[in-house]
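What follows is a short report on a single structure.
FYI, side chains are in, hydrogens and waters are out, and symmetry mates aren't considered; it's all heavy atoms of this structure.
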Amino acid sequence: MADVPRFKLNTGALMPAVGLGGWAGTSKEERENGWTFMLSALKERAGYRLIDTAWIYGTEKATAVAIRKSGIPREDVWITTKLHHQHGPFAEKFFQESLDNLETDYVDLYLMHWPQTSKWVEGNPEPTDENGNIIVDDTHTFNQTWAAMEKIYESGRAKAIGVSNFSIKNLEKLFETAKVIPAVNQVELHPYLAQPELKEYCDKKGIVITAYTPTGYKNVLSDPIIAELAEKYKASPAQVVLSWHIARGVAVVPKSSNEQRQKENLALITLDPEDVKRITALDRNERLCNYANKYGQVWGWTYEQLGW
């Protein structure tokens, strides 16, 4: 089993720095069968001990199946899940639904998936207008959602709470009312989107950043400098990029259903400080996962509203 480093959260908890992304696809079949790649990741020959899922991924039930089939005690597997952007006004209800899906009475980390709140439409988790843009409910703020999440944290059913896709601008707004400082901010982060200002800000606030899309897809993995370093360290491009994150103190949740790549993603290397700097210098503020559509919106908000 791989020796995975852990990062200490502001709660005192030690979170595995490398976890498995729980996104399985958009079809019902893909989501229901997600337990198969999760189970292979949990097995001793891979050794993951963190699964990052979300209500909207539709893989919370699959996560429960994988943990049950693995035989690993629940307390030995870190579960992160997320409150969907439509569910802010109903945080308690949907948190309990997540617990039921996960077959557990607590989660290790509960994140607010997005700062914006979308309109409630029964049976439609992502209501859109005639242009395909998410319909936003601006009457409910993320400050209100956070207050509800703080109550969940106080109840002990979420051992830590945090946010996702929050900028410095929106963290500042959150701190106007927050009683609890987020333990984690999960954002898109990779060498082409290094987010140095956000990283510095979160470090000062004691917030651990977790990167989604951490390898930057083929866009980053095929970069000549990454290829050069992969040759230097006799490692895969993904291992080089993931090791760069860990060297910066950033946790990662790469998704892979391939057992060999799952093992590779845990086999981190120690990069020379100069090579860490070279990778960071690839930053071009380029979003590869969540970026504005032709109407200038990301899940119903503009870059200005998101603080991007």
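With sequence neighbours excluded, the residues that form a side chain to side chain contact (heavy atoms under 4.5 Å, CB included) with Asp203 are Lys199. The ring-ring contact (aromatic ring centres under 6.0 Å, His included) test applied to Phe37 returns no partner, not counting sequence neighbours. The salt bridge (charged side-chain N to carboxylate O under 4.0 Å, His left out) search around Lys234 returns Glu231, not counting sequence neighbours. Scored by the side chain to side chain donor-acceptor pair (under 3.5 Å) test, Thr26 finds no partners at all (sequence neighbours excluded). Every salt bridge (charged side-chain N to carboxylate O under 4.0 Å, His left out) that Lys204 has, sequence neighbours left out, goes to Glu200. Applying the salt bridge (charged side-chain N to carboxylate O under 4.0 Å, His left out) rule to Arg68 yields the partners Glu103; only residues at least two apart in sequence or on another chain are considered.
Between the side chain of Trp146 and the backbone N or O of Lys179 there is no donor-acceptor pair closer than 3.5 Å. A donor-acceptor pair is defined here as one N or O able to donate and one able to accept, closer than 3.5 Å; no such pair exists between the side chain of His190 and the backbone of Val220. Side chain of Tyr110 to main chain of Arg157: no donor-acceptor pair is present (N/O by atom type, distance under 3.5 Å, no hydrogens or angles). Of the possible polar contacts, none joining the Thr59 side chain to the Ala62 backbone as a donor-acceptor pair under 3.5 Å is found. Side chain of Asn143 to main chain of Lys173: a donor-acceptor pair is present (N/O by atom type, distance under 3.5 Å, no hydrogens or angles). Of the possible polar contacts, none joining the Glu188 side chain to the Thr213 backbone as a donor-acceptor pair under 3.5 Å is found. The main-chain N or O of Pro214 is found under 3.5 Å from a side-chain atom of His245 such that the two form a donor-acceptor pair. Tyr233 places no side-chain N or O within 3.5 Å of a backbone atom of Val240 that could act as its donor or acceptor partner. For the pair Glu259 (side chain) and Ser40 (backbone), a donor-acceptor distance under 3.5 Å is absent. The backbone N or O of Ile269 sits nowhere less than 3.5 Å from a side-chain atom of Gln239 that would complete a donor-acceptor pair.
By the criterion of side-chain heavy atoms lying less than 4.5 angstrom apart, applied directly or through intervening Ile, Leu, Val, Met, Phe, Trp or Tyr residues, Ile67 is not grouped with Trp35; the two fall into different hydrophobic clusters. Following chains of ILVMFWY side-chain contacts shorter than 4.5 Å, one can reach Leu198 starting from Tyr291, so the two form part of one hydrophobic cluster. In the hydrophobic clustering of this structure, Val241 does not group with Leu193; members are Ile, Leu, Val, Met, Phe, Trp, Tyr whose side-chain heavy atoms approach within less than 4.5 Å, directly or through other members. When the side chains of ILVMFWY residues are joined at heavy-atom separations under 4.5 Å, either directly or via intervening members, Trp55 and Val65 end up in two distinct hydrophobic clusters. In the hydrophobic clustering of this structure, Leu14 does not group with Ile72; members are Ile, Leu, Val, Met, Phe, Trp, Tyr whose side-chain heavy atoms approach within less than 4.5 Å, directly or through other members.
Ring pair Trp299/His85 is tilted by interplanar angle, where 30° to 60° counts as tilted. Between Trp23 and Tyr57, the ring planes are perpendicular. Angles over 60° get that label, and only those under 30° would be called parallel.
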Legend entry - Trace of the ring pair (Phe, Tyr, Trp, His ring centres under 6.0 Å) decision for Phe90 with Trp120: CA-CA 10 Å; Phe90 319 101; Trp120 172 257; 5.0 Å; yes
Legend entry - Pair Trp301-Asn170, side-chain contact (heavy atoms from CB on, under 4.5 Å): steps then yes or no: CA-CA 13 Å; Trp301 265 16; Asn170 285 329; 4.0 Å; yes
Inset, instruction - For Glu154 and Lys151, run salt bridge (charged side-chain N to carboxylate O under 4.0 Å, His left out): C-alpha distance rounded to whole Å, both residues' side-chain angles, the deciding distance at 0.1 Å, then the answer. - result: CA-CA 5 Å; Glu154 289 165 4; Lys151 291 181 180 178; over 6 Å; no
Legend entry - Stepwise side-chain contact (heavy atoms from CB on, under 4.5 Å) check, Asn290 with Tyr212: CA-CA 10 Å; Asn290 286 300; Tyr212 68 79; 2.9 Å; yes
Inset, instruction - Start with the C-alpha distance between Lys82 and Asp52, add both sets of side-chain angles, then the distance that settles salt bridge (charged side-chain N to carboxylate O under 4.0 Å, His left out), and finish with yes or no. - result: CA-CA 9 Å; Lys82 309 177 191 75; Asp52 180 90; 2.6 Å; yes
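Atom-to-atom distance recorded for Arg278:CZ and Ile225:CD1 is 5.0 Å, nearest 0.5 angstrom. The distance from atom OG1 of Thr104 to atom CD of Glu60, rounded to the nearest 0.5 Å, is 11.5 Å. Interatomic distance, CG of Leu42 versus CD1 of Ile51, reported as 4.5 Å (0.5 Å rounding). We find the CD-CG distance between Gln96 and Asp105 to be 9.5 Å, quoted to the nearest 0.5 Å. With rounding to the nearest 0.5 angstrom, the CG atom of Leu306 is 8.5 Å from the NZ atom of Lys169. Taken from CD1 in Ile207 to CG in Asn185, the straight-line distance is 6.5 Å, to the nearest 0.5 Å.
A cation-pi contact, defined as under 6.0 Å to the ring centre and within 45° of the axis, links Lys159 to Tyr106.
Closest approach of Ile134 and Ser118 over heavy atoms only: CG2-CB, 3.5 Å.
The pair Glu274-Lys277 counts as a salt bridge, with a side-chain nitrogen and a carboxylate oxygen less than 4.0 angstrom apart.
Partner of Gln186 under the side-chain contact (heavy atoms from CB on, under 4.5 Å) criterion, chosen from Val208, Leu109, Thr210, Ile209: Thr210. Among Asn285, Asp223, Asp283, the one residue that satisfies the side chain to side chain donor-acceptor pair (under 3.5 Å) test with Tyr192 is Asp223. When each of Asn133, Asn131, Asp129 is paired with Tyr295, the side chain to side chain donor-acceptor pair (under 3.5 Å) condition holds for Asn131 and for no other. Partner of Thr145 under the side chain to side chain donor-acceptor pair (under 3.5 Å) criterion, chosen from Glu150, His140, His87: His140.
Residue Glu75 places its CD atom among more than 12 non-hydrogen atoms of other residues, nucleotides or ligands, all under 6.0 Å distant.
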